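Please read these numbers as outputs of a predicted model, since none were measured by experiment.
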Amino acid sequence: ALAGAAAAGGALLLPFVSTGAHLLTAVGEYSSRWRANDFLFAWLEAICGWLGGAAAVEALVAPATAVLGAGAGEWVARMATPAGAARLVAAATVALYAAARGLRPGPPGGVGFLQDVARVVVLAALLAPTLHPWYLLWLLPLLTFALAPAWILLSGTVVLSYVDLAAGRDALQGPSLMAWLEYAPALALAVVLARRRGGGLLAGGDVDGHPR
């Protein structure tokens, strides 16, 4: 399966190989600049600003340039802001959580694996600096196997972001009223159900994939 996935991915990239390093330009722009409809990310940015995260990232510019080249150093330099530091912290948090879920003891595959994937996707969505409604389409199929009322609710309330989008609101102003109405009910429901049912906050109220 891994070999097949790698072969399919390579075949899809072949038409664009001639662009060279420019193939990753959009990824770099998205990872360092895009911002829309975030909620928890704004709080993470504030914490990074308070702790001096920008200075910590700036110290990585020279090592990144020496090891990975000027392009990597330039990208790290763009991240030397509280928002950039928050992006790196969010990405590292999701990566470490995914590794922890993937390496924990237990039988591979099956429903348990899909529930773990759902939790990783939820964490990525909650910490992301950009969350458009269609991003949660990655999550909805997984909720078939990880019935999570909190995240089903979020998949509905996220459409309120269109109100800010239509108004042209700048995400740098911080979470809007619409963002509070999107995220707060789902997060509150996740906390309540986690206390009642267990399974942790990211389970969204689900323990074993079956309604209770």
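Other members of the hydrophobic cluster containing Val61, listed by chain and number, are Val57, Leu60, Trp75, Val76, Met79, Leu88; membership follows side-chain contacts under 4.5 Å among ILVMFWY residues, whether direct or relayed. Listed by chain and number, the hydrophobic cluster partners of Phe41 come to none, as no ILVMFWY side chain reaches under 4.5 Å of it.
Rounded to the nearest 0.5 Å, atoms CG (Leu13) and CZ (Phe16) are 8.0 Å apart. Within the model, atoms CG of Asp38 and OG of Ser176 stand 9.5 Å from one another, a figure rounded to the nearest 0.5 Å. In this structure, Glu182 CD and Leu153 CG are separated by 11.0 Å, a value rounded to the nearest 0.5 Å. Remark: Gln173 CD to Arg169 CZ distance equals 4.5 Å, nearest 0.5 Å.
Smallest separation of non-hydrogen atoms from Ala54 and Ala85: N-CB, 4.3 Å. For Gly199 against Ala203, the heavy-atom pair with the smallest separation is O-CB, 3.3 Å. In terms of heavy atoms, Gly73 sits closest to Thr65 at CA-OG1, 3.2 Å. Heavy atoms only, all atoms of each residue included: Val89 and Cys48 are closest at CG2-SG, 4.1 Å. When all heavy atoms of Thr157 and Leu181 are compared, the pair lying nearest together is CB-O, 4.0 Å.
Under a hydrophobic clustering in which Ile, Leu, Val, Met, Phe, Trp and Tyr are joined whenever their side-chain heavy atoms come within less than 4.5 Å, directly or via other members, Trp151 and Tyr183 fall into the same cluster. Both Val120 and Ile152 sit in one connected hydrophobic cluster of ILVMFWY residues. Membership requires side-chain heavy atoms under 4.5 Å apart, directly or through other members. Hydrophobic clustering of Ile, Leu, Val, Met, Phe, Trp and Tyr side chains at less than 4.5 Å, counting indirect connections, keeps Leu165 apart from Met178. No continuous path of ILVMFWY side-chain contacts below 4.5 Å connects Leu202 to Leu189, so the two sit in separate hydrophobic clusters. A single hydrophobic cluster is seen to contain both Val159 and Trp180, as judged by linkage of ILVMFWY side chains at heavy-atom distances under 4.5 Å, directly or through other members.
In terms of the side-chain contact (heavy atoms from CB on, under 4.5 Å) criterion, Trp50 has no residue partners (sequence neighbours excluded). Evaluation of the side-chain contact (heavy atoms from CB on, under 4.5 Å) rule for Ala72 yields Leu68 as partners, not counting sequence neighbours.
Leu187 is listed as a side-chain neighbour of Phe39, based on a closest heavy-atom distance under 4.5 Å. Between Leu114 and Thr144 the shortest side-chain heavy-atom distance does not fall below 4.5 Å.
With hydrogens and angles disregarded, no donor-acceptor distance shorter than 3.5 Å links the side chain of Glu58 to the backbone of Ala77.
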Please list, one pair per line, the donor and acceptor atoms closer than 3.5 Å that link side chains of residues 121-143 to other protein atoms, with sequence neighbours excluded.
unit_1: Thr130; atom_1: OG1; unit_2: Trp34; atom_2: O; d: 3.4
unit_1: Thr130; atom_1: OG1; unit_2: Arg35; atom_2: N; d: 3.4
unit_1: Tyr135; atom_1: OH; unit_2: Tyr30; atom_2: OH; d: 3.4

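For the salt bridge (charged side-chain N to carboxylate O under 4.0 Å, His left out) condition, the pairs that include at least one residue of residues 84-101, sequence neighbours left out, are Arg101-Asp116.
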